[in-house]
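Structure, as structure tokens:
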Amino acid sequence: MILSKVVGDVVSTCKHPTHEAIKLLLVRRINAEGEERGAPLVAVDVLDAGVGDTVLLTLDGWAAMTAVQRMKAPIDAAVIAIVDSIEWDGGEP
Amino acid sequence: MILSKVVGDVVSTCKHPTHEAIKLLLVRRINAEGEERGAPLVAVDVLDAGVGDTVLLTLDGWAAMTAVQRMKAPIDAAVIAIVDSIEWDGGEP
Amino acid sequence: MILSKVVGDVVSTCKHPTHEAIKLLLVRRINAEGEERGAPLVAVDVLDAGVGDTVLLTLDGWAAMTAVQRMKAPIDAAVIAIVDSIEWDGGEP
Amino acid sequence: MILSKVVGDVVSTCKHPTHEAIKLLLVRRINAEGEERGAPLVAVDVLDAGVGDTVLLTLDGWAAMTAVQRMKAPIDAAVIAIVDSIEWDGGEP
Amino acid sequence: MILSKVVGDVVSTCKHPTHEAIKLLLVRRINAEGEERGAPLVAVDVLDAGVGDTVLLTLDGWAAMTAVQRMKAPIDAAVIAIVDSIEWDGGEP
């Protein structure tokens, strides 16, 4: 899984029918210094994460479908945890 | 899922038989500034996206086959939504 | 799927038994300018592509096995179309 | 599989129900010189690895679920071995 | 599949039970010039490849498990062929 930060959300009216009522978050991966890096990703969320939250993301298709219990929906990224704290080498960074 | 921009299409006559009548879009991923970046990708589209549209793409094989309901066709990228707007930190960029 | 150029082939006598009589092409991904980039990939081909051809490649294991109808063979890349032309923004580049 | 170093752990109270009582390690991939590189990853661990250990990681969803015997849990990275030694060209580096 | 060079092996005593008696090779991907590049990978081998061999690697979980006939073992990389020669554009490089 990867660590990422929620930076926004995505609005779409023309979409795959199985995506109705699915919340799509815009996230960006964070590096070892906790900074947002790289192109944005879009992930499904059922944990009610919000902008600014650090979340744990799965990028495996089957795992993501499992996370939101929609095995017939085309999903390949999902939030599976909202991170409280990250401990580096046993201490806070 | 990733955000990408539709930049063209791909024409092929010699192809896998399951790909008959499948529309193939040429897309490029967009970065945090909304600019097209990296090598082009080719994705199946059943939402009738056009050049210039920002689309949500799944890059998982199973998810992509599910998206177009062709579980026996070799597909690993599909458009699953046409994006209306992207909200960064709760506001338009 | 990705766009790539066929640049050669790979010969092997010591290989997985399910790979007998499978044609292996050496390919390289092409960028937005049509130039070959990055490390070479090896893909299974049942469409009889040749050196210099631009091909559409799937890099998903299940999709690649489906493409060559060998679900028990360890394959994760297959040619699924030979590209006739690529249209950028509705016109030839 | 990839080689990585355990650099910490991740604490989360709001998470997918199947992740209860799962230990999440923070790891970073190591390069050919044994140095930590790139953005951190989060992996499930059932081998009781600790900070500083070099571990073997699978990044495939199905393989990771198999590793921890939780086929219904959204997991895509798991520790599958704690590395005793790495031999380069038949000798220690 | 990717081309890589065998550069060593990995020794582990604390590992997933399904990995008992599995040979783990340390490999590095090779670029278009045949040079080793990037972080090392660890792959399962049943073809008895040795240090210095150029091998064909699958990085798909299902394909790798298929290659070694261990569908319940967490494996995502396997050697599927030892390469005799690579022909670029119909000639030796």
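Quantities reported herein were computed from a predicted structural model and do not represent experimental measurements. Every chain is numbered from 1 and lettered A, B, ... according to where its sequence line falls, protein lines coming before strand lines.
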Checklist entry - What do the steps show when you test E/Asp89 against C/Val7 for side-chain contact (heavy atoms from CB on, under 4.5 Å), and what is the final call? => result CA-CA 5 Å; E/Asp89 298 330; C/Val7 294; 4.2 Å; yes
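With a 4.5 angstrom heavy-atom cutoff, E/Ile82 touches chain C via backbone and side-chain atoms both. Looking at C/Leu26, only its side chain comes within 4.5 Å of chain E, counting heavy atoms on both sides. For a residue to count as touching a neighbouring chain, one of its non-hydrogen atoms must lie under 4.5 Å from one of that chain's; by this rule C/Met71 touches chain E with the backbone only. Contact annotation for C/Leu59: neither backbone nor side-chain heavy atoms come within less than 4.5 Å of a heavy atom of chain E. Heavy-atom distances place no part of C/Ala64 under 4.5 Å from chain E, backbone and side chain included.
Taking CG from E/Leu47 and NE2 from C/His16, the interatomic distance works out to 7.5 Å, rounded to the nearest 0.5 Å.
E/Asp84 and C/Ser12 form no side-chain donor-acceptor contact under 3.5 Å, judged by distance and modelled atom types alone.
The greatest number of non-hydrogen atom pairs below 4.5 Å with chain E, out of C/Val44, C/Ile75, C/Thr18, is found for C/Ile75. The choice from C/Gly61, C/Cys14, C/Ala73 that makes the most heavy-atom pairs within less than 4.5 Å of chain E is C/Cys14. Comparing E/Asn31, E/Leu3, E/Ile80 by how many heavy-atom pairs each has under 4.5 Å with chain C, the most go to E/Ile80. For the set C/Pro74, C/Ala39, C/Ala77, the entry with the most heavy-atom pairs within less than 4.5 Å of chain E is C/Pro74. Ranked by heavy-atom pairs under 4.5 Å with chain E, the first of C/Val6, C/Thr13, C/Leu24 is C/Thr13.
Looking at residues two or more places apart in sequence or on another chain, you find a side chain to side chain contact (heavy atoms under 4.5 Å, CB included) between E/Ala32 and C/Arg28, C/Pro40, E/Trp88. For E/Asp60, the side-chain hydrogen bond (donor to acceptor under 3.5 Å, both in side chains) criterion is met by no residue, not counting sequence neighbours.
Using a 4.5 Å heavy-atom threshold, the side chains of C/Leu41 and E/Ile2 count as touching.
Using a distance-only test at 3.5 Å, with no hydrogens or angles considered, a donor-acceptor pair links the side chain of C/Asp76 to the main chain of E/Met1.
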